[in-house]
Amino acid sequence: MAVFEATARHASFKRAADEMNVTTGAISRQIRALEGELGVKLFVREVNGVHLTPAGQDLFSEIAAAFSRCSDATKAVKAGKRDESVTFACTDAFATFWLMPRMVDFWTRYPNITVNHLISEQSRDFRNAEVDLFVRPATGAWPNENVEPLFEDLIYPVCGADFALEHQGVSASELSRLPLLHMDWTSPDWPLWQDFLQAVSVPCEGLRGKRFGKYALLLTAAEANQGVALGWDSLVRPQIGAGKLARFTDLSMRDPVGFCLAWNSKKWLSNAAATLKAWVREQARSSVPLLSLGAGAKRSGSQMPRPETQALMSLLGDTESAPSDRNGHQR
């Protein structure tokens, strides 16, 4: 099973062979023998490597979880103590703007728990058996996974203070004519500018502007008055409160994707992981984003509010009501 686990993890006979210090042929023969014993095909062979069949994915989930438990137990025996570390995975944007500003609270309250962070824009990386908890886009159902939504969110345009002053006479209907800052999301589910403008019934032909591969860089460009970005309230509200960013126009839409907290249902959660999970839930409840016009997008042809009122508007109620908790696992 070790050969199968290594091959599945690397998606490559060669890399598995390198790890186990054997030949590629030896790996291939053992995989064929395992497939013959089980009577099912576990891998699809391709020119650039291999990938798991559905049967292979099911087997890998079980084997990886078992290997992870063995690894955790070995580490605990060596250290002479248990449940003091947890691996948490999320995207760079979530880590930078939501998680890290709050982590000081966790470190203060639980100084004996070490949190190891896996930051990746590829959500499939979160399926690694070494990951205890992860936050991912709340779309689709993954096998062998427990999942719960964190909060609803609101999306609206943001920009730097000087840009807001320079364009304070611009109406919402003219937004698409300004330089827009575009995010090239690795997930096809996150909304783009075209999706946003269509949702709020604003013309969106010939969109122009700069493109970014990381959300942190995009917001940095927005702060530097390079254009208008789409801001997720849960991520940008602190920057608005600090005056680094300002809401631009009163357009908004509910986030159609959102974030969820998930963990492998086949893997036992340690006390440290359970403590972190409870803390993330607590933080999510205490930082519910502001939502406006419960049905969806807010549209207006009026001019943008003055920049000095932006933070106050964001904090005091460009909203009608706070969202209630939702039942169910998926959005």
Side-chain angles (χ1 to χ4, degrees), residues 91-101 119 121 153-253 255-257 289-290 292 297-315 318:
T91 65
D92 179 76
F94 190 88
T96 301
F97 299 106
W98 193 92
L99 181 65
M100 285 300 114
I119 308 302
E121 300 305 317
D153 214 341
L154 185 72
I155 302 172
Y156 45 76
V158 295
C159 64
D162 290 344
F163 188 98
L165 283 172
E166 182 180 352
H167 298 88
Q168 60 181 324
V170 173
S171 66
S173 62
E174 299 174 299
L175 176 61
S176 61
R177 302 176 189 175
L178 298 177
L180 304 179
L181 305 179
H182 301 269
M183 181 66 195
D184 291 327
W185 297 110
T186 57
S187 170
D189 299 315
W190 295 115
L192 304 174
W193 264 112
Q194 183 174 349
D195 303 312
F196 177 84
L197 294 173
Q198 288 176 346
V200 296
S201 301
V202 170
C204 56
E205 294 183 2
L207 301 181
R208 59 194 179 95
K210 303 177 178 65
R211 310 196 71 85
F212 298 84
K214 283 191 174 293
Y215 194 64
L217 294 178
L218 178 140
L219 290 187
T220 299
E223 290 180 17
N225 304 297
Q226 296 299 301
V228 187
L230 286 179
W232 272 249
D233 184 75
S234 63
L235 306 182
V236 303
R237 200 193 312 177
Q239 285 90 327
I240 293 175
K244 296 180 179 179
L245 291 173
R247 285 192 65 167
F248 193 82
T249 75
D250 60 357
L251 296 175
S252 66
M253 67 176 282
D255 179 7
V257 180
L290 304 174
S292 66
K298 180 177 181 179
R299 299 185 295 274
S300 172
S302 61
Q303 292 186 352
M304 181 188 65
R306 291 179 60 83
E308 57 267 27
T309 69
Q310 296 292 320
L312 185 61
M313 289 175 59
S314 175
L315 294 173
D318 195 22

For a 4.5 angstrom cut-off between non-hydrogen side-chain atoms, does [X] reach [Y]?
X    : Y    : value
T96  : Y215 : no
M183 : L192 : no
W193 : L175 : yes
D250 : Y156 : no
S176 : F196 : no
P256 : I155 : yes

Minimum heavy-atom distance [X]-[Y], with the two atoms named:
X    : Y    : answer
S173 : V202 : O-CG1, 4.0 Å
A222 : L245 : CB-CD2, 3.9 Å
P191 : V257 : CD-CG2, 4.4 Å
L207 : H182 : CB-CE1, 4.1 Å
A216 : D92  : CB-OD2, 4.1 Å

Can any side-chain N or O of D153 pair as donor or acceptor with the backbone N or O of S234 at less than 3.5 Å?
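Side chain of D153 to backbone of S234, a donor-acceptor pair under 3.5 Å: yes, one is there.
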Without swapping roles, check the side chain of N225 against the backbone of F163 for a donor-acceptor pair under 3.5 Å.
yes
Starting at CG of L180, measure out to CZ of R211 and round the result to the nearest 0.5 Å.
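Here the interatomic distance stands at 10.5 Å.
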Should the pair F94 and W98 be assigned to parallel (<30°), tilted (30 to 60°) or perpendicular (>60°) ring geometry?
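Answer is parallel, since the angle falls under 30°.
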